[in-house]
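Report on one structure; see the data block that follows.
Protein chains get the first letters and strands the later ones, always in sequence-line order, with residue 1 at the start of each.
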Number of protein chains: 2
Amino acid sequence: MKGERPIVIGLNAVIVAVTRESPRILTISGSSVSDAGAHASPDAQLDVLPFGPLDPEADRTLELSIRRWVSERTGLELGYVEQLYTFGDRDRVARSKDVPRVISVAYLALAREQRPSGSYRARWRDWYTFFPWEDWRGGQPSVIPDVVEPALATWIDGVRDRAREERLERAGIAFGLRGSTWDPDRVLERYELLYELGLVVESLRDRDRPETTVDSPGLGRPMDMDHRRILATGLGRMRGKLRYRPVVFELVPRTFTLTRLQRVVEALAGIRLHKQNFRRLVERGGLVEGTGRLDTRTGGRPAELFRFRREVLRERRAPGLGLPGTRRGRHTVDGP
Amino acid sequence: MKGERPIVIGLNAVIVAVTRESPRILTISGSSVSDAGAHASPDAQLDVLPFGPLDPEADRTLELSIRRWVSERTGLELGYVEQLYTFGDRDRVARSKDVPRVISVAYLALAREQRPSGSYRARWRDWYTFFPWEDWRGGQPSVIPDVVEPALATWIDGVRDRAREERLERAGIAFGLRGSTWDPDRVLERYELLYELGLVVESLRDRDRPETTVDSPGLGRPMDMDHRRILATGLGRMRGKLRYRPVVFELVPRTFTLTRLQRVVEALAGIRLHKQNFRRLVERGGLVEGTGRLDTRTGGRPAELFRFRREVLRERRAPGLGLPGTRRGRHTVDGP
DNA sequence: CCGTATATACTCATAGTGAGCATAATCGGA
DNA sequence: TCCGATTATGCTCACTATGAGTATATACGG
């Protein structure tokens, strides 16, 4: 019969900021995770994303709830906020039937980086700490040839015929092998594949015993529960969003040089962009306008300071920064 | 204090099919709405989307839950399913504090049309019944100049200066006025604007008394609770998805003529497409392959039957049917 | 005042896209 | 049998977007 196991609902936030060339997310680190909710793992070492229960009366909408409690607990005022995904797998928090089923409505939020305050043990972390294979700014990360590809090869050869073909194809698409292009957006797909392969600590933990916290070689810092999966979802969404909405501007100061803007995009997308084309895109696309002022601290020739042109929102249909490879064509890395 | 008002969680489905040139959604119509859940309005006339409570133990994931209960109640086997959005506004079901707060996780699903079976009072309805202003296949729907535009004008002139500018801009973007292009995807934006204007019956009901069920002139069939908003979200998502994922093929038979395929896309997008360019897109894009067989029942020259090329999924990055206006440029209607 | 570093401008080849013209294959009736 | 209507299919053209590369401008430190 239904109705025996209670259901609780929580809110979850993936809060993104960028410092210089480092994309960051807000995490709650260390031990007193249990402050955050009733259902925390006993493991004291793991990070979690900010989350908490939903107060059924306090706010008119879920988004307002998120904004309020992030602000109350960390002092951060969020800029752009959008609903990310609702996570509700039966065993995502615990496999026991004695523990309530937790449905988490996750939000993606952008903030200009500020030091978080408050009693909450919040801190910013570079998101590539959790996903080292996602940062291609310096070329292909070494974990891929060293660890991922061999593991994929074994996995692929574990079955035959049709099934083998499917694995081959899936691995190719996810990691840009065999003539496919590396697609920065497929973050979740890659994480899930690594999870399936058992390369990611969480999958061992979920399959075997909670105590398993072996450091997998170069495969990033784990998180508690399914929070790394939530984060992967958020990172993928963030990258996708970059393409067709001018969201970067939520992450940079009011005026900025084009190089600075480019660095922020590159940090998020995890790839290097062609400088001249980036300028063209952003200027001719009407996304920015010059202020006439210059920034002389750049090293060489001083750079003009630009600002975001809000008007673009009504002019163009989908103003974003089309990352390369939007159509087809291979992406080449363009050394720093 | 929190915790006094209970929270319940439900699942909600927007199930899409296309019959000939009519895009349809599955609705539960008529009186015994209360079968579907504990919290139904007393009004016997209104349609709802299929929805029900979540069984916390039955299925491993929410998506499996949706598939199971749709199949149990209507006999439909769903094809493509994706999570749509989670609706959790405090007063979405009732304003009273004595009624639990209902969080609904909505899914978008595609099905080839079949007659629904089972005790559930399910039926297909053309979705333009609910959104008459969204169907531009025969040119601009008359409600827009007749009803919407005058109402927008009044609304815009209700304030001054900056605020007026903002309204002007918002209306322009949503309905493609003042040099903006009609964007088929902005379904939710338009619905919400009409709701704010009070043109849509639901907004009167929510503001005043539940008994208000006046037929608004040409502004479509209302639904119970916020289900029409959910539907608008689904329709918008569906249209967006068309652009970059080959989802249409879930809605057509295994083989089809290109004209038939085009009609289905047009039905969903609510606009007419340029025939030759549609062919080019779909053929040269590698989305379909000819079967060699012909369909002679088309009237003029027989048309070749095509099938979907699954392989495209691994070849191209984002294979969809880029509707016109993806970049900029005005969309022209191309009379039937 | 020269080398280095960064910023900005311009060119070129190619691919995608909106629009329209031209040709092919069927049918029903004159 | 041939013609007009009807639908399918093929092709051209202009224009824009984009990936890539070359060239010029303006600062700094010696």
Side-chain angles (χ1 to χ4, degrees), chain A residues 181 243-244 256-263 269 271-306 316-336, chain B residues 21 181 243-244 256-263 269 271-306 315-336:
Chain A
T181 308
R243 291 183 194 288
Y244 61 96
F256 44 82
T257 67
L258 294 188
T259 300
R260 177 132 166 61
L261 186 67
Q262 184 181 342
R263 292 282 171 264
I271 53 176
R272 287 228 163 275
L273 302 175
H274 184 285
K275 179 163 186 151
Q276 296 90 323
N277 290 346
F278 181 81
R279 294 184 68 81
R280 179 176 61 188
L281 192 67
V282 110
E283 275 195 279
R284 310 264 295 260
L287 286 163
V288 299
E289 61 191 355
T291 63
R293 287 182 300 133
L294 297 179
D295 183 346
T296 50
R297 297 162 306 172
T298 52
R301 171 174 170 177
E304 183 167 9
L305 287 165
F306 288 79
R316 297 191 63 193
R317 179 205 175 71
L321 311 169
L323 303 180
T326 303
R327 322 218 140 278
R328 57 183 67 205
R330 165 169 306 281
H331 165 256
T332 56
V333 181
D334 182 64
Chain B
E21 316 208 347
T181 308
R243 292 182 192 289
Y244 61 95
F256 44 82
T257 67
L258 293 188
T259 300
R260 177 129 165 63
L261 186 68
Q262 184 180 341
R263 293 281 171 263
I271 52 176
R272 288 229 163 274
L273 302 174
H274 184 284
K275 180 163 185 154
Q276 296 91 323
N277 290 346
F278 181 80
R279 293 184 69 81
R280 180 177 61 190
L281 192 67
V282 109
E283 275 195 279
R284 310 263 295 261
L287 286 164
V288 299
E289 60 191 355
T291 63
R293 287 183 300 134
L294 297 179
D295 182 344
T296 51
R297 296 162 305 173
T298 53
R301 171 175 171 176
E304 184 168 8
L305 287 165
F306 287 80
E315 295 164 2
R316 297 191 64 194
R317 178 205 177 71
L321 313 170
L323 304 180
T326 303
R327 320 218 141 279
R328 57 184 66 203
R330 165 168 307 280
H331 165 257
T332 56
V333 180
D334 183 60

Item to check | Nearest-angstrom distance from the residue atom NE2 of B:His274 to P of C:dG20 | outcome: 7 Å
Item to check | Between D:dA27 (P) and A:Asp295 (CG): distance, integer Å | outcome: 13 Å
Checklist entry - Quick one: B:Phe256 CZ to D:dA8 P, roughly how many Å, whole number? => result 14 Å
Checklist entry - Of A:Leu294 and B:Leu294, whose nearest nucleotide on DNA chain D comes first from the 5' end? => result B:Leu294
Item to check | Stepwise side-chain contact (heavy atoms from CB on, under 4.5 Å) check, B:Lys275 with B:Thr259 | outcome: CA-CA 8 Å; B:Lys275 180 163 185 154; B:Thr259 300; 3.3 Å; yes
Next on the checklist: Tell me the interatomic distance from A:Asn277, atom CG, to D:dA20, atom P, rounded to whole angstroms.
Outcome noted: 8 Å
Checklist outcome for this item: B:Arg263 CZ to D:dA8 P, in whole Å, measures 8 Å
Checklist entry - Going by modelled atom types, is there a donor-acceptor pair between the base of C:dG18 and the side chain of B:Arg280 at under 3.5 Å? => result yes
Next on the checklist: Restricting to non-hydrogen atoms, name the atom on A:Gln262 and the atom on A:Leu273 that form the minimum distance, rounded to 0.1 Å.
Outcome noted: NE2-O, 3.1 Å
Checklist entry - Looking across every strand, which nucleic acid part, if any, lies under 4.0 Å from A:Thr259 by heavy atom: base, sugar-phosphate, or nothing? => result sugar-phosphate
Checklist entry - If you check the B:Leu281 side chain, which of D:dA8, C:dT8, C:dT17 turns out closest? => result C:dT17
Item to check | A:Leu261 CG to C:dT6 P, straight-line distance once rounded to whole Å | outcome: 18 Å
Item to check | Residue that, paired with B:Phe306, satisfies side-chain contact (heavy atoms from CB on, under 4.5 Å) out of B:Val282, B:Val288, B:Thr291 | outcome: B:Val288
Item to check | B:Arg301 CZ - D:dA8 P separation (whole Å) | outcome: 10 Å
Checklist entry - Counting only distance, no hydrogens or angles, is the base of C:dT17 paired donor-acceptor with the side chain of B:Gln276 under 3.5 Å? => result no
Item to check | Nucleotide nearest B:Glu283 when distance is taken to its side chain, options C:dA25, D:dT18, D:dG10 | outcome: D:dG10
Next on the checklist: Measure NZ/B:Lys275 against P/C:dA22 and give the value in whole Å, please.
Outcome noted: 18 Å
Item to check | Pairing residues for A:Thr257 by the side chain to side chain donor-acceptor pair (under 3.5 Å) criterion, not counting sequence neighbours | outcome: none
Checklist entry - Rounded to the nearest 0.5 Å, how far apart are CZ of A:Arg260 and CZ of A:Arg263? => result 11.0 Å
